[in-house]
Number of protein chains: 2
Amino acid sequence: MIRTGYKDVKNHILSQIRKNIWPPGSSLPNEVDMAVTLGCARATISRAMRELVDEGVLERKRKAGTKVKASPTRRAQFTIPIIREEIEKNGATYRYDLVKRNILDAPDWLSSRLSLPKYNRVLQLRCMHYAGNAPYQLEDRWINLSAVPHAETFAFKTLGPNEWLVKEVPFTDGSLEFSATNATPYVAAFLNLPENAAVFTSERTTWLNNQNVTYAKLYFKRDYKMTTFL
Amino acid sequence: MIRTGYKDVKNHILSQIRKNIWPPGSSLPNEVDMAVTLGCARATISRAMRELVDEGVLERKRKAGTKVKASPTRRAQFTIPIIREEIEKNGATYRYDLVKRNILDAPDWLSSRLSLPKYNRVLQLRCMHYAGNAPYQLEDRWINLSAVPHAETFAFKTLGPNEWLVKEVPFTDGSLEFSATNATPYVAAFLNLPENAAVFTSERTTWLNNQNVTYAKLYFKRDYKMTTFL
DNA sequence: TAGTGGTCTAGACCACCCC
DNA sequence: GGGTGGTCTAGACCACTAA
């Protein structure tokens, strides 16, 4: 081995774990020792271990040292796709359609979910996303006009609110929920599904400095699967 | 500001983006220049930018430089919970029940999914996980006995296969899929749901050096939501 | 081929917190 | 208190690739 890089160190650690030389819960050598053993700088060991912590393999505490996680709760990363890109990546033609556009005071359920004051005006949008001619996703979108006033002047006839927001409005925090829901007649009609079909559903809320920007509920096409790797 | 740390650099970059000084698609200064501007070492800038790439905010190419991602595909991380821990975290009592245990040659659909040879023996397990007395998850588990022969001698009467595997069998790769399915009568009975109810479903496959270890399909309780943050 | 990021080093000081 | 990780520095060389 000519040079020991941080990737070599990561592989070394992982292989020791797989060989059960460092079983779950056990302690690893400290950074200085391991640097000597492997013949590299301490910073190299440090980076390797830091990344393994990010990946959920190790745990570190000052003074206590570095240990193999007892229950290796691996972390998975997934990227939230822009729907146009997801569809086009699969070789289909993306088509967007605005179904409804409406300005109103936020209904109660929305106000409480987003901590909005009473009589807060919101822009409601319903949109369909198609892959070729097949329905792909129904988007139920609410935009807080107090936070994003210039959304009111945008038509959303050809560009979807997701893409528009992503380019126009930055955010600081957000949450994402996934669940399964039975298709209401309304949803079923748009997605061309039998009533009560199981629909993969995603709800997204985003915030900019403690002010809510938008809430969206997305209903995916039949048999949609979200995939990620470990 | 006495010292500029990599976190300060990250915040600085993010705030420039939020102020639209560096809009999506635009180029940032190179590492050396930014180090001079902010008065810190190049390595500090480098780490800050590297983490922002991991978070899906920036894109970097050698020679071309660093840019704000045009479509900021934020990445979300979620931890795959050990089900016992998830239930106990919510203050409920975890209970496990083995419903079925069976050894057989892998059925065709499984063989093709896992690239198993013909007549490959597998261990099939059906398990229920309860939160208190309420059903929480039905687990349909298949373990490749060629890869994990000693699973055959383990009873799985009190310890679930997930926890057992996590501690006994390391893996190198895996995939995770989420979807929504309609409850079959069988699933509905175990989860105490109406027939055809929408069920949040997760499928997990893990590999150790190109050999499949296990495949599991998990059916979650009614109204289960998987949550993550951005 | 020149400019940019990617990585490594050796040393240093600091912050945390278990013993 | 002392051992451990957390971070920063200044400099160096390398690897990639757009121009």
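Chain identifiers are assigned alphabetically (A, B, ...) following the order of the sequence lines, protein sequences preceding nucleic acid strands; residue numbering begins at 1 within each chain.
Ring centroid separation for the pair B:Phe78 and B:Phe178 comes in under the 6.0 Å cut-off.
Sequence order on DNA chain C of the closest nucleotides to A:Ala41 and A:Lys61 puts A:Ala41 first from the 5' end.
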Evaluation steps, salt bridge (charged side-chain N to carboxylate O under 4.0 Å, His left out), between A:Glu31 and A:Arg42: CA-CA 6 Å; A:Glu31 293 190 345; A:Arg42 189 190 148 208; 2.7 Å; yes
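Separating the CD1 atom of B:Ile13 from the C1' atom of C:dG5 is a distance of 14 Å, rounded to the nearest angstrom.
With salt bridges taken as basic N to acidic carboxylate O contacts below 4.0 Å, one links B:Glu177 and B:Arg113. Taking the charged nitrogens against the carboxylate oxygens, A:Glu139 and A:Lys217 have no contact shorter than 4.0 Å, which rules out a salt bridge. Between A:Glu203 and B:Lys225 there is a salt bridge, with a side-chain nitrogen of the basic residue lying less than 4.0 Å from a carboxylate oxygen of the acidic one.
Interface residues of residues 42-51 of chain A facing DNA chain C, ordered by number: A:Arg42, A:Ala43, A:Thr44, A:Arg47; criterion, heavy-atom separation under 4.0 Å. Contacts between residues 28-40 of chain B and DNA chain C, defined by a heavy-atom separation below 4.0 Å, involve B:Asn30, B:Glu31, listed by number.
In terms of heavy atoms, A:Gly174 sits closest to A:Trp207 at CA-CD1, 4.3 Å.
In the 5' to 3' direction, nucleotides of DNA chain D lying under 4.0 Å from heavy atoms of chain A begin and end at D:dG2 to D:dT7.
Under the 6.0 Å distance and 45° angle rule, A:Arg84 does not count as a cation-pi partner of A:Tyr94.
Considering A:Asn120, A:Thr206, A:Asn212 as possible partners of A:Asn144, the one that fulfils the side-chain hydrogen bond (donor to acceptor under 3.5 Å, both in side chains) test is A:Asn120.
The aromatic rings of B:Tyr136 and B:Tyr224 sit perpendicular, their planes meeting at an angle over 60°, well past the 30° parallel limit.
In this structure, A:Thr214 contributes its side chain and A:Trp142 its backbone to a donor-acceptor pair below 3.5 Å.
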